[in-house]
Protein chains: 2
Amino acid sequence: MATVHAIPAAPAPPRGRREAQRDRTRVEILSAAWVLVRAQGLAGLSMRDLGEAVGMRAQSVYSYYPSKDAIYDAMFRQGYEEFDAWIAAGADTAALAPAARFRHMAHRFFDFCTTDPVRYMLLFQRTIPGFEPSPGSYAVALTVLDELADEFAAIGVTDPAAIDLAIAVFTGLTSQQIANDPERDRWERLVDRAVSMLLVDLAPHLLDRTTPATRGTT
Amino acid sequence: MATVHAIPAAPAPPRGRREAQRDRTRVEILSAAWVLVRAQGLAGLSMRDLGEAVGMRAQSVYSYYPSKDAIYDAMFRQGYEEFDAWIAAGADTAALAPAARFRHMAHRFFDFCTTDPVRYMLLFQRTIPGFEPSPGSYAVALTVLDELADEFAAIGVTDPAAIDLAIAVFTGLTSQQIANDPERDRWERLVDRAVSMLLVDLAPHLLDRTTPATRGTT
DNA sequence: GTCTATAATCTGATAGAC
DNA sequence: GTCTATCAGATTATAGAC
């Protein structure tokens, strides 16, 4: 219902102390929402608990977010902004050879997902009942995924199907790890092997020199 | 902890008409639960709706299942029994060459999952709030997964890590398909490519027919 | 075996006082 | 901006009549 003109990842700077305080509270609420959701599951978030967690009545939360879905939406957006930051943080691997860089990226992606399974579910699965991201937040998601595609391009992989395949492989490993062995590393140990396997298929030119093809090293 | 001797998939036969009718009603309730869950999501199941769907009051459902979790548990078990039947139905591919059989199996697995996304979530993801399968149902799941491992063994793949990797790849493709492109085939089209890729890694001997095998024989 | 009645609790959300 | 009060409903589950 509200005007959804907000351009992705471009929050207007607060205009005064009032607005600054308000933004701070919004951030605090969002942060509390993440804590609750990690403890009770994505669908288990309730406005009551959320209010209590920030020292308010549930009703007061509505002064900051107009609905529960708006909170999910803000979490979705924030999650993708974190994913964006994650991508940017990988820039320091630009010096690595493409194959090594790909391997590095794979491990980092796996870590990004498994360190916060709930965030992973919110961003990459459709597990939440009636929630659909707003156009604005979805636009952020698409932008970030485009940047991920750029990362693939940087190591010479531009075929969209190849990128889909690679992402599917890593999300598959991730979700198996989260669902079936959350405390250990049964699938994490397969990341290297998956990388080698993928390289053969989608970037064989990267292997034409000295082919290390290490398997199973952690 | 409990005696896990209970042999999966061996319900005692009903002892009389009374019990037969009761079992029929239980089946009817379960079937209605699947319908509801497909429409409203796994977590959206309510006893009210379920009762209404079978022409009862919600309270009467408790005469057949002692709790909502018991219904989830029965669905979990039934899902794995269907998966078991799915495996058995693949026996007619025994005549195929191993690589072709593997390919066939991959496509069938993808179909099994995508034709009922909710079942897929219940069986292979941990998306449901507070539900844990009972020891009995979990034993069924383990048995069926063992049979799946036997299928891999039949085409010469016995390394547990290799099986984990293959399953992760196919569940990854599946869940991407379900979450991001439910009406079309963006990831389904990648199944063949994934199969080829996997074969190179985990069963190269199946591809060595035309080249001098210098890797050593079995 | 199904019902009515109801407990006990949770939910998201709104109105309006201060 | 936070509160009280409250709506209007949902939920699972139990007790006991018939």
Side-chain angles (χ1 to χ4, degrees), chain A residues 1-2 14-33 35-37 39-76 122 127-134, chain B residues 14-33 36-37 39-76 127-134:
Chain A
M1 290 302 195
R15 285 175 293 273
R17 280 201 199 83
R18 252 320 195 318
E19 275 79 7
Q21 177 54 39
R22 186 180 161 77
D23 280 6
R24 233 166 311 170
T25 305
R26 280 176 62 96
V27 168
E28 190 189 350
I29 289 172
L30 213 55
S31 164
V35 172
L36 286 173
V37 127
Q40 307 173 351
L42 260 185
L45 180 66
S46 85
M47 300 299 272
R48 258 177 165 76
D49 296 346
L50 183 51
E52 190 179 6
V54 295
M56 286 179 189
R57 295 296 188 183
Q59 301 89 321
S60 303
V61 178
Y62 286 89
S63 301
Y64 298 93
Y65 291 95
S67 71
K68 192 183 172 184
D69 262 15
I71 292 174
Y72 280 133
D73 195 60
M75 295 171 80
F76 180 87
L122 180 60
T127 178
I128 199 158
F131 166 68
E132 287 281 321
S134 67
Chain B
R15 283 177 294 275
R17 280 201 199 81
R18 253 322 196 318
E19 276 78 8
Q21 177 54 38
R22 186 178 161 79
D23 281 6
R24 233 167 310 169
T25 305
R26 282 176 60 98
V27 167
E28 190 189 352
I29 289 172
L30 214 55
S31 164
L36 287 173
V37 128
Q40 307 173 348
L42 260 185
L45 180 66
S46 84
M47 299 299 271
R48 253 179 169 72
D49 296 346
L50 184 52
E52 190 179 6
V54 295
M56 287 179 190
R57 294 297 187 180
Q59 301 90 319
S60 303
V61 179
Y62 286 87
S63 302
Y64 298 93
Y65 292 96
S67 71
K68 194 182 169 183
D69 263 14
I71 292 173
Y72 281 133
D73 196 59
M75 294 171 80
F76 180 86
T127 179
I128 199 157
F131 166 68
E132 288 281 321
S134 67

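Residue numbers begin at 1 in each chain, while the letters A, B, ... track the order of the sequences. What's counted below: heavy atoms across the whole structure, side chains too, no hydrogens, waters or symmetry copies.
One can place CZ of A/R57 at 14 Å from P of C/dC10, the figure rounded to the nearest angstrom. One can place CD of A/Q59 at 13 Å from C1' of D/dG1, the figure rounded to the nearest angstrom. One atom, CZ of A/R48, and another, P of C/dA13, lie 12 Å apart when rounded to the nearest Å. Rounding to whole angstrom units, OH of residue A/Y62 and C1' of D/dC3 are separated by 16 Å.
Base contact: A/S60 has a heavy atom under 4.0 Å from a base atom. Among the protein residues, B/Y64 comes within range of the sugar-phosphate backbone only, with heavy atoms under 4.0 Å from sugar or phosphate atoms but none that close to a base. Residue A/L45 is classed as a sugar-phosphate contact, given heavy-atom separations below 4.0 Å to backbone atoms only. Heavy atoms of B/S67 sit under 4.0 angstrom from primed sugar atoms or phosphate atoms, though from no base atom. Within 4.0 Å (heavy atoms only), A/S63 reaches at least one base atom of the nucleic acid.
Partner of A/M47 under the side chain to side chain contact (heavy atoms under 4.5 Å, CB included) criterion, chosen from A/E52, A/M56, A/K68: A/K68.
Place B/P66 and B/G44 on DNA chain D by their nearest nucleotides, and B/G44 ends up nearer the 5' end.
Residue B/Q40 places its CD atom among more than 12 non-hydrogen atoms of other residues, nucleotides or ligands, all under 6.0 Å distant.
Of all heavy-atom pairs between A/I29 and A/V54, the closest is CA-CG1, 4.0 Å.
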